[in-house]
Amino acid sequence: MSGGSTSFDGVERRGLMFVLSSPSGAGKTTLTRLLIDRMPDLQLSVSATTRPMRPGEVDGKDYMFVDKPRFETMAKSNELLEWAIVFDNRYGTPRAPVEAALSAGNDVLFDIDWQGTQQLREKARADVVSVFILPPSAADLEKRLHTRAQDSDEVIRGRMSRASHEMSHWAEYDYIVINHNVEEAYSEVQSILKAERLKRERRTGLTSFVRGLQQELEG
Ligand SMILES: Nc1ncnc2c1ncn2[C@@H]1O[C@H](COP(=O)(O)OP(=O)(O)OP(=O)(O)O)[C@@H](O)[C@H]1O
Ligand SMILES: Nc1nc2c(ncn2[C@@H]2O[C@H](COP(=O)(O)O)[C@@H](O)[C@H]2O)c(=O)[nH]1
């Protein structure tokens with residue numbers, strides 16, 4: 001699925017799909033925004049959802065807000081790379097922007113749940129790097145959901161009651177980050193992305209780069 005890109009050091013590599021998941025409120029949207037602001041060559045996958053828009057959210061930027069019939073059409077016509085029902089709403093990843101970003105040499109960042117991560121992994125295991133974000137404690141998780149002040153008490157209760165089940169998928173992920181502090185968690189997630197960009201298997205241009213070095217040394 002990945003196209004080729006040239007990394008900062010001039011060596012070609014395959015693009016990667018960088019996935020953040022967590023129980024609701026652990027901080028993945030916060031970390032996602034920081035990554036998009038601070039990391040070059042990283043494009044956010046904007047999901048489609050049937051969930052109602054929260055105050056401050058922008059259609060097309062935070063999500064593509066669609067109704068259920070439109071979502072069903074997208075799913076049936078293979079427009080979605082993956083999709084799942086989360087907290088009674090439908091969420092899915094539009095396929096075309098992801099393929100376009102990878103072909104243009106960008107990595108793609110996904111804020112999706114464990115069901116979507118499993119589907120991406122089935123499609124492109126070698127190109128998926130997954131990170132599970134944990135809260136430091138249940139009390140912190142609940143406090144964060146209340147501090148965000150964007151969901152009703154009923155919605156927050158529902159998300160808290162499903163947090164334990166979501167967390168049970170932690171062992172399916174490549175990396176686990178505990179979000180005590182935003183800047184520290186960001187730094188850990190950024191280190192993962194930087195290291196994964198340097199992985200030998202992904203760096204398709206290394207053979208010719210090393211051959212060139214050898215020719216210089218021997219010739
Ligand atoms: N390390 C942290 N310390 C304190 N507050 C935090 C921390 N990380 C995130 N928050 C706050 O917690 C709230 C929830 O964070 P965020 O929206 O990023 O969670 P999320 O995992 O994306 O949740 P959801 O899955 O519901 O979208 C926000 O108000 C955010 O500012
Ligand atoms: N499988 C997918 N899960 C997604 C997608 N977009 C978001 N999500 C996950 O849904 C929950 C709830 O999000 P919220 O914005 O309503 O708080 C959260 O775990 C997201 O990661 C998607 O395209 N596919």
Side-chain angles (χ1 to χ4, degrees), residues 17-37 44-66 71 74-75 79-98 108-123 128 130-152 154-170 172-173 176-189:
M17 296 191 261
F18 197 59
V19 177
L20 299 188
S21 300
S22 77
S24 178
K28 63 194 169 306
T29 308
T30 307
L31 295 169
T32 294
R33 288 189 181 139
L34 291 176
L35 281 165
I36 291 298
D37 285 351
L44 180 64
S45 166
V46 178
S47 298
T49 184
T50 59
R51 152 164 95 55
M53 208 186 284
R54 288 184 183 134
E57 283 185 327
V58 177
D59 189 20
K61 180 170 172 275
D62 296 294
Y63 279 106
M64 277 170 63
F65 293 94
V66 297
F71 193 97
M74 291 171 89
E79 285 174 54
L80 300 176
L81 202 48
E82 62 75 32
W83 70 272
I85 297 177
V86 191
F87 307 127
D88 307 328
N89 292 305
R90 284 161 172 70
Y91 295 82
T93 300
R95 177 190 299 277
V98 173
V108 182
L109 176 61
F110 301 80
D111 170 343
I112 61 176
D113 84 328
W114 61 270
Q115 303 172 83
T117 309
Q118 284 184 351
Q119 293 172 51
L120 283 192
R121 217 184 280 120
E122 277 159 23
K123 287 189 170 120
V128 175
S130 59
V131 184
F132 200 81
I133 312 292
L134 288 172
S137 69
D140 279 301
L141 186 66
E142 188 163 13
K143 195 165 147 208
R144 286 177 194 177
L145 284 170
H146 282 290
T147 310
R148 185 166 69 185
Q150 284 185 327
D151 296 306
S152 66
E154 192 192 339
V155 167
I156 291 175
R157 268 197 301 279
R159 288 179 180 227
M160 282 301 289
S161 75
R162 280 179 256 197
S164 174
H165 176 249
E166 291 190 21
M167 246 183 275
S168 69
H169 291 274
W170 68 274
E172 295 162 22
Y173 284 72
I176 309 298
V177 167
I178 302 175
N179 179 14
H180 290 274
N181 165 282
V182 174
E183 282 302 329
E184 277 168 26
Y186 170 75
S187 159
E188 289 174 3
V189 171

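We count ligands from 1, going down the list as the structure has it; atoms in each ligand are counted the same way.
- Taking CG of Asp140 as the start and CG of Leu134 as the end, the distance is 12.0 Å to the nearest 0.5 Å.
- Nearest residue to atom 22 (C) of ligand 2 from Gln119, Met64, Glu82 is Glu82 (criterion: closest heavy atom).
- Under a 4.0 angstrom heavy-atom cut-off, His180 registers as being in contact with ligand 1.
- Within the 3.5 Å criterion, the main-chain N or O of Trp83 finds a donor-acceptor partner in the side chain of Gln119.
- Contact annotation: Ser21 has no heavy atom less than 4.0 Å from any atom of ligand 2.
- At the top of the distance list for atom 8 (N) of ligand 1, counting protein heavy atoms only, stands Asn179 ND2, 3.0 Å.
- Heavy atoms of Phe110 found under 4.0 angstrom from ligand 2: none, in either backbone or side chain.
- In terms of protein heavy atoms, atom 26 (O) of ligand 1 is closest to Ser24 OG, 2.5 Å.
- In this structure, atom 21 (O) of ligand 2 lies nearest to the protein heavy atom Asp111 OD1, 2.7 Å.
- Closest to atom 3 (N) of ligand 2 among all protein heavy atoms lies Asp113 N, 3.2 Å.
- Protein heavy atom at the shortest distance from atom 22 (O) of ligand 1 is Thr29 OG1, 2.4 Å.
- In terms of protein heavy-atom proximity, atom 9 (C) of ligand 1 is nearest to Thr30 OG1, 3.6 Å.
- Counting all heavy atoms, side chain and backbone alike, Asp62 lies closest to Val58 at OD2-N, 2.6 Å.
- In this structure, Glu82 contributes its side chain and Gln115 its backbone to no donor-acceptor pair below 3.5 Å.
- Rounding to the nearest 0.5 Å places CD of Glu142 at 13.5 Å from CZ of Arg159.
- Residue Gly116 approaches ligand 2 through these ligand atoms, each under 4.0 Å from one of its heavy atoms: 1 (N).
- Considering backbone and side-chain N/O of Ser24, none are found under 3.5 Å from N/O of ligand 2.
- Remark: the backbone N or O of Val98 is not paired with any side-chain donor or acceptor of Ser45 at under 3.5 angstrom.
- Here the straight-line distance linking atom CZ of Phe65 with atom OG of Ser47 works out to 10.0 Å at 0.5 Å rounding.
- For the pair Arg33 and Tyr186, the cation-pi criterion (under 6.0 Å, within 45° of the ring axis) is not fulfilled.
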Practice task
Assess whether side chain to side chain contact (heavy atoms under 4.5 Å, CB included) is satisfied between Phe110 and Thr117, documenting all intermediate values.
Solution key: CA-CA 9 Å; Phe110 301 80; Thr117 309; over 6 Å; no
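- The protein heavy-atom contact nearest to atom 15 (O) of ligand 2 is Tyr63 OH, 2.5 Å.
- For Lys28, the closest heavy-atom approach to ligand 2 falls below 4.0 Å.
- Under 4.0 Å from ligand 2, the heavy atoms of Arg159 that appear belong solely to its side chain.
- Which parts of ligand 2 touch Arg51 is read off a 4.0 Å heavy-atom cut-off, strictly below it: atoms 14 (P), 15 (O), 16 (O).
- Within the model, atoms CZ of Arg148 and CZ of Arg54 stand 4.0 Å from one another, a figure rounded to the nearest 0.5 Å.
- Heavy atoms only, all atoms of each residue included: Lys28 and Ile133 are closest at CB-CG1, 4.4 Å.
- When hydrogens are left out, the protein atom nearest atom 28 (C) of ligand 1 is Arg148 CB, 4.1 Å; that is the closest non-hydrogen contact.
- A pairwise comparison of heavy atoms in Trp114 and Tyr173 identifies CA-OH, 3.1 Å as the closest pair.
- In this structure, the protein non-hydrogen atom closest to atom 3 (N) of ligand 1 is Arg144 NH2, 3.3 Å.
- The nearest non-hydrogen atom to atom 10 (O) of ligand 2, considering only Phe87, Trp83, Tyr91, comes from Tyr91.
- Close approach to Arg54 involves these atoms of ligand 2, each under 4.0 Å from a residue heavy atom: 14 (P), 15 (O), 16 (O), 17 (O).
- Shortest contact from atom 14 (C) of ligand 1 to any protein heavy atom: Gly25 O, 3.6 Å.
- When only interatomic distances are considered, the shortest N/O to N/O separation between Ser47 and ligand 2 falls below 3.5 Å.
- The shell of residues lying under 4.0 angstrom from ligand 1, judged by heavy atoms, includes Arg159.
- Protein heavy atom nearest atom 11 (C) of ligand 2, with residue, atom name and distance: Val86 CG1, 3.7 Å.
- The distance from atom OG1 of Thr32 to atom CG of Leu20, rounded to the nearest 0.5 Å, is 4.5 Å.
- Between Asp151 and Ile156, the closest heavy-atom pair is O-CD1, 3.7 Å.
- Interface of Thr93 with ligand 2, defined as ligand atoms under 4.0 Å from a residue heavy atom, comprises 23 (O).
- In terms of heavy atoms, Arg121 sits closest to Glu172 at NH2-O, 2.8 Å.
- When only interatomic distances are considered, the shortest N/O to N/O separation between Leu145 and ligand 1 does not fall below 3.5 Å.
- Using a 4.0 Å cut-off to heavy atoms of Ala84, the atoms of ligand 2 that qualify are 1 (N).
- Minimum interatomic distance between Glu57 and Pro52 (heavy atoms only, all atoms of both residues): OE1-O, 4.4 Å.
- The distance criterion of under 3.5 Å between nitrogen or oxygen atoms is not met by Ala48 with respect to ligand 2.
- Any N or O atom pair closer than 3.5 Å counts here, and Thr147 shares no such pair with ligand 1.
- Ranking protein heavy atoms by distance to atom 19 (O) of ligand 1, first place goes to Gly27 N, 3.3 Å.
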